Amino acid sequence: MAASRDTTAPKPFQPAIGRIPILQAFPQVDGGRWPAKGFVGEVIPFGAIVFREGHDAVGAHLELEAPDGTLIDRPLTRTYPWDDEWRGLAQVTSPGHWRFRIRGYSDDYATWAHNATIKIAAGIDVELMFDIGAQLFSRLAAEQTRPADERDLFARVSAELRQTAGPASERLGLAYGTAVTDALRVHPAQSLVTYSDWLPLKVERTRAGAGSWYEFFPRSIGAKQSADGTWKSGTFRSAAKRLPQVAEMGFDVLYLPPIHPIGEAFRKGRNNTLDPKPGDPGSPWAIGGAAGGHDTVHPELGTIADFKYFLGQAKKAGLEVALDFALQASPDHPWVTAHPEWFTTLPDGSIAYAENPPKKYQDIYPINFDNDSDGIRVEALRLLEYWISLGVKIFRVDNPHTKPLDFWEWVIHEVNTAHPEVVFLAEAFTRPAPMRALAKVGFQQSYSYFTWRNTKVEIEEFFTSISQETDAYYRPNLFVNTPDILTEYLQFGGRPAYRIRSVLAATGAPSWGVYSGFELIENVARPGAEENIDNEKYEFRPRDFAAAEESGHSIAPDITQLNRIRRDHPALGQLRNLRFHGSDDDSIVVYSKHLDAEFTPDGVADTVIVVVNVDPHSVRETTVHLDLALLGLPAGATFEVTDLLSENVWEWSTDNYVRLDAFTQPSHILHVSHRPDHDNEGGAS
């Protein structure tokens, strides 16, 4: 018997486009599949493509709804007169789930004003244009949603336009006045109102998007070597003595590598050798031993009570502690016995260890997430909840790109639903697609390619990408170095390279990081590797920071100054406002960050220009060329700049001479005084 045919009448076709087309609303992530991101205090660009048929004018507004239901209505402006993109800025001020949409409309006042200006001046349809204007303002005066003073104003304008006596310019005067245009900027003369879909925006606490990070190994702080060459590990108690010094350098977050017991089997020796000597501490990432696993601290570091003391001392110093979360195990981890199904068993019966050819990690077993995905999820969530209960609110996640993406989306969702203040940083040095996908599914921050972007072209491309292309979801943390990364630039660039990279990192993004030893210019690599020789991953590395600073070898004072500048200048606390300017030298990078007065704490616009010689081996002289509109200044203005590094003051304009000596002063960080002086014509530095 043939199937019966569905004779239900089809629903009338409904166009996907509205009466006023609104396309490509932003920010959005994959059409709203995941929410776009913001952090408290962030200034976010919103907008869309908005147009209509014919020549009548259109307008666009942002409707931004806060978690408490408060609706923020802000007018958008055309990006360029010849373009149909409209955009505007809004600041998000509280954490939670926000949403926004774009309202497009036919701008009846702009259409009438344009036509009236042309026609009346040409003597065409003069009284008709006055009648159309009078009707428009009469309509606006009758709109009860408008304030009473606006309705009264529009009634007067309508009456003025209906007057048939007097010059046309006088009859038009009130209709073109600032009182009218200011009122209509907020509450436009709109018809054919059309809305985009609501789009999600997840706003998280400020530390999710902005902060200065410092990394150290607690076992090295206070470690002592005996006369026979054996070592006694530093502890949480001894490491706590370093916390005030880290805070004095201006850091907000202290990141600790894994603090758990370390396996004995296949333990790595110094410089990643396979023959450890007695007393070699092994890699902290080879987690698990007789003393326990991921929910235990290494006995040589102390007890859980000692760790809680460390957290308390960090809080007193104004630091948050970020803990490493590495889902892997040493061969001695309790999981290997209790849950062998969590690992990959090879045909010869052995368990597969971690590899990233040609690198081999015989001391680490990776997790196989396909054997018992539910069990692994439950255990991961249990571990995170345990450390959160002790007071840890930030996790640096080791190699998340080697674990399934849906696993991370689930884990982060579960944690952030219960603890929205928790922040996850992805340590994922991998291909762009998985790096970006990790950010989309929930990671609040990510390591980036910054460490390998060193030339002018590379820096301009990279900074443009993070500030304008992936800014809706990807928050880079610009670490200048890590225990795994010592680039050729740092190896061979000497002290200038370290100062240059710290300026770029500290001003390029709201979040940046330093691994202990960077300030001491530790730049000798293990032969054939892109990491430090005598690497701290495999041995104790106590450092005499005070002696290095006293001798002038340490650049800790430079780092302290950079963090102070960051705190003093809110423009540097933003990512999406970075814009490049020109220079005539292929090693001089010039960029600015500007924040309008309405978004700064003191109500004064904040503008910073960064000029960097990225060649650590040279002295460079050139002319830099500024787009003054990006600085909030009128064309042709001259203005005062103060170098926040040297305290020198100059008069600058559009074109300015600079001389940057990599060995003495490789960078300018210039604060712009918003008091243009048109009597001067530029300056030099």
Side-chain angles (χ1 to χ4, degrees), residues 22-29 32 34-50 58-80 83-105 107 182-188 190 193-206 208-210 444 466-475 509-510 569-579 593-607 629-630 632:
I22 304 174
L23 307 173
Q24 300 174 31
F26 61 85
Q28 64 171 291
V29 181
W34 295 284
K37 293 179 182 176
F39 60 83
V40 172
E42 187 171 19
V43 177
I44 300 175
F46 294 87
I49 303 295
V50 182
V58 297
H61 272 224
L62 164 70
E63 295 186 4
L64 177 63
E65 187 178 84
D68 64 1
T70 301
L71 189 67
I72 301 167
D73 188 303
R74 294 180 66 91
L76 305 177
T77 58
R78 284 187 189 273
T79 306
Y80 303 104
D83 199 359
D84 290 312
E85 182 185 78
W86 296 71
R87 64 167 53 214
L89 300 173
Q91 189 170 41
V92 288
T93 54
S94 61
H97 293 281
W98 294 56
R99 64 176 187 165
F100 73 95
R101 65 182 179 180
I102 305 300
R103 183 175 82 247
Y105 53 87
D107 189 331
D182 287 348
L184 292 178
R185 186 176 298 110
V186 179
H187 305 107
Q190 57 186 19
V193 176
T194 308
Y195 296 93
S196 72
D197 292 335
W198 285 103
L199 289 167
L201 175 68
K202 184 179 181 181
V203 179
E204 296 161 306
R205 67 184 179 112
T206 302
Q444 282 80 8
I466 61 174
S467 64
Q468 299 170 53
E469 297 170 10
T470 60
D471 55 292
Y473 59 91
Y474 183 86
R475 298 193 191 113
H569 292 277
L572 295 176
Q574 304 289 324
L575 174 66
R576 310 180 202 228
N577 60 345
L578 191 153
R579 295 295 183 272
K593 288 192 169 184
H594 171 79
L595 198 60
D596 289 338
E598 66 173 305
F599 302 126
T600 64
D602 60 3
V604 177
D606 186 42
T607 305
L630 298 177

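These numbers come from a predicted model, not from an experiment.
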Indicate yes or no: at least one non-hydrogen side-chain atom of [X] is less than 4.5 angstrom from one of [Y].
X	Y	value
Trp34	Lys202	no
Pro188	Pro75	no
Leu595	Gln574	yes
Leu64	Leu71	no
Ile22	Thr194	yes
Ile44	Pro27	yes

For the pair Thr470 (side chain) and Tyr474 (backbone), establish whether a donor and an acceptor sit closer than 3.5 Å, ignoring hydrogens and angles. no

Donor-acceptor under 3.5 Å (Asn577 side chain, His594 main chain):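 Yes.
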
Under the salt bridge (charged side-chain N to carboxylate O under 4.0 Å, His left out) test, residues paired with [X] that sit two or more places apart:
X	value
Asp606	none
Asp68	none
Arg579	none
Asp596	none

So which heavy atom on [X] is nearest to which on [Y], and how close?
X	Y	answer
Val58	Val50	CG2-O, 4.0 Å
Leu575	Ser467	O-CB, 3.2 Å
Gly573	Ala210	O-CB, 4.4 Å
Gly59	Trp86	CA-CH2, 3.9 Å
Ala25	Ile102	CB-CG1, 4.1 Å
Ser94	Val203	O-CG1, 3.3 Å

Mind jotting down which residue pairs meet the ring pair (Phe, Tyr, Trp, His ring centres under 6.0 Å) criterion with at least one end in residues 60-79? Sequence neighbours excluded, please.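 Residue pairs passing ring pair (Phe, Tyr, Trp, His ring centres under 6.0 Å), neighbours aside: His61-Tyr105.
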
Residues forming a side-chain contact (heavy atoms from CB on, under 4.5 Å) with Arg101, sequence neighbours excluded: Glu63, Tyr195, Ser196, Trp198

Kindly write out the residues that satisfy side chain to side chain donor-acceptor pair (under 3.5 Å) with [X], not counting sequence neighbours, or none if the list is empty.
X	value
Thr206	none
Asp84	Arg78
Gln91	none
Glu85	Thr79, Arg87

Suppose we screen for ring-ring contact (aromatic ring centres under 6.0 Å, His included). Which residues come up paired with Phe46, at least two apart in sequence or across chains?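 For Phe46 the ring-ring contact (aromatic ring centres under 6.0 Å, His included) partners, ignoring immediate neighbours, are Phe100.
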
CG on Leu578 to CD on Gln468, rounded to 0.5 Å: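 It is 7.5 Å, given to the nearest 0.5 Å.
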
Within residues 569-578 or reaching into it, pairs that qualify as salt bridge (charged side-chain N to carboxylate O under 4.0 Å, His left out) - sequence neighbours excluded: Glu42-Arg576, Asp471-Arg576

